[in-house]
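Remarks on the structure that follows.
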Amino acid sequence: MAFFTCENSFVINLTSCCCSAGRAAHTYDKVGLLPYWPGLCLSAFFPCCTLLYMNACTDLNEKLGGEKRSIPMAVICSCLFPCCVIAQDAQALDDCTGVAVGLCGVEQGDGNNSDSD
């Protein structure tokens, strides 16, 4: 399990800390659970509740190659370590899709840059 450490890319750690709502919304959108803009609004105005719901009540973690969190564990992680959970989900998304989100785009597995997210 990757946490908010050097196991994650610098960009993921940075965006999870500084732009957590946008980073989380991107992950929710790319796994097909919640469109970006509603995800951004919910993550901006109700960050802990949205993160808790997405990790404990949806199949987000299964889609990212993990296991669904129990509600007590999701409460602890979402409320005490939200940046860590967002970074973990984002790194798992990059690992599952074979791409790396950068500051100015997305790098494909073959090293090419793409403008689409």
Side-chain angles (χ1 to χ4, degrees):
M1 197 185 280
F3 291 100
F4 191 70
T5 65
C6 58
E7 293 178 21
N8 298 329
S9 74
F10 171 75
V11 173
I12 286 178
N13 285 337
L14 180 68
T15 57
S16 297
C17 184
C18 298
C19 308
S20 58
R23 179 64 260 184
H26 179 262
T27 301
Y28 306 151
D29 180 59
K30 294 305 171 191
V31 296
L33 293 175
L34 188 62
Y36 181 80
W37 290 106
L40 179 67
C41 291
L42 288 170
S43 295
F45 294 112
F46 309 103
C48 290
C49 295
T50 304
L51 194 58
L52 167 65
Y53 175 78
M54 296 305 282
N55 276 271
C57 302
T58 69
D59 60 350
L60 173 69
N61 289 342
E62 288 95 341
K63 288 184 175 196
L64 296 174
E67 297 177 6
K68 186 180 289 188
R69 282 196 173 104
S70 66
I71 291 177
M73 182 57 77
V75 169
I76 291 167
C77 293
S78 299
C79 295
L80 297 179
F81 311 105
C83 292
C84 298
V85 174
I86 293 168
Q88 177 184 12
D89 293 344
Q91 188 65 54
L93 176 66
D94 280 6
D95 293 345
C96 288
T97 57
V99 299
V101 174
L103 287 175
C104 298
V106 177
E107 284 188 27
Q108 299 296 328
D110 59 4
N112 294 331
N113 285 335
S114 170
D115 291 331
S116 64
D117 286 323

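All residue numbers in this chain count up from 1 along the given sequence.
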So how far is it from Cys19 SG to Leu14 CG, rounded to the nearest 0.5 Å? 7.0 Å

Smallest separation among heavy atoms of Ala87 and Asn8, with atom names: CB-ND2, 3.5 Å

Which atom pairs, one a donor and one an acceptor, fall under 3.5 Å between side chains of residues 92-104 and the rest of the protein, sequence neighbours left out?
unit_1	atom_1	unit_2	atom_2	d
Asp94	OD2	Val101	N	3.2
Asp95	OD1	Gln91	NE2	3.1
Thr97	OG1	Leu93	O	2.8
Thr97	OG1	Asp94	O	3.4

Listed partners of Leu42 passing side-chain contact (heavy atoms from CB on, under 4.5 Å), at least two apart: Leu34, Phe46, Thr50

Please determine which of Asp89, Asn61, Leu64 meets the side-chain contact (heavy atoms from CB on, under 4.5 Å) test together with Val31. Leu64

Can you tell me how far OG1 of Thr58 sits from CZ of Arg69, rounded to the nearest 0.5 angstrom? 11.0 Å

In this structure, would Trp37 and Phe45 fall into the same cluster of hydrophobic residues linked by side-chain contacts under 4.5 Å? no

dist Asn13:CG -> Cys84:SG (nearest 0.5 Å) comes out at 8.5 Å

Decide yes or no for Leu33 and Lys63: does some side-chain heavy atom of the first lie under 4.5 Å from some side-chain heavy atom of the second? yes

Counterpart residues, side-chain hydrogen bond (donor to acceptor under 3.5 Å, both in side chains), relative to Ser43 (two or more places apart): none

Hey, can you pull the donor-acceptor pairs under 3.5 Å for the side chains in residues 70-80, sequence neighbours left out?
unit_1	atom_1	unit_2	atom_2	d
Ser70	OG	Met73	N	3.3
Ser78	OG	Leu52	N	3.4
Ser78	OG	Ala74	O	2.8

Apply side-chain contact (heavy atoms from CB on, under 4.5 Å) to Ser20 and list each qualifying residue two or more places apart in sequence or on a separate chain. Ile86

Between Tyr28 and Val85, is there a shared hydrophobic cluster once you connect ILVMFWY residues whose side-chain heavy atoms come closer than 4.5 Å? yes

Nearest atoms (heavy-atom pairs only) where Arg23 meets Ser16: CG-OG, 3.6 Å

side-chain contact (heavy atoms from CB on, under 4.5 Å) involving Tyr36 - partner list, sequence neighbours excluded: Ala25, His26, Asp29, Leu40

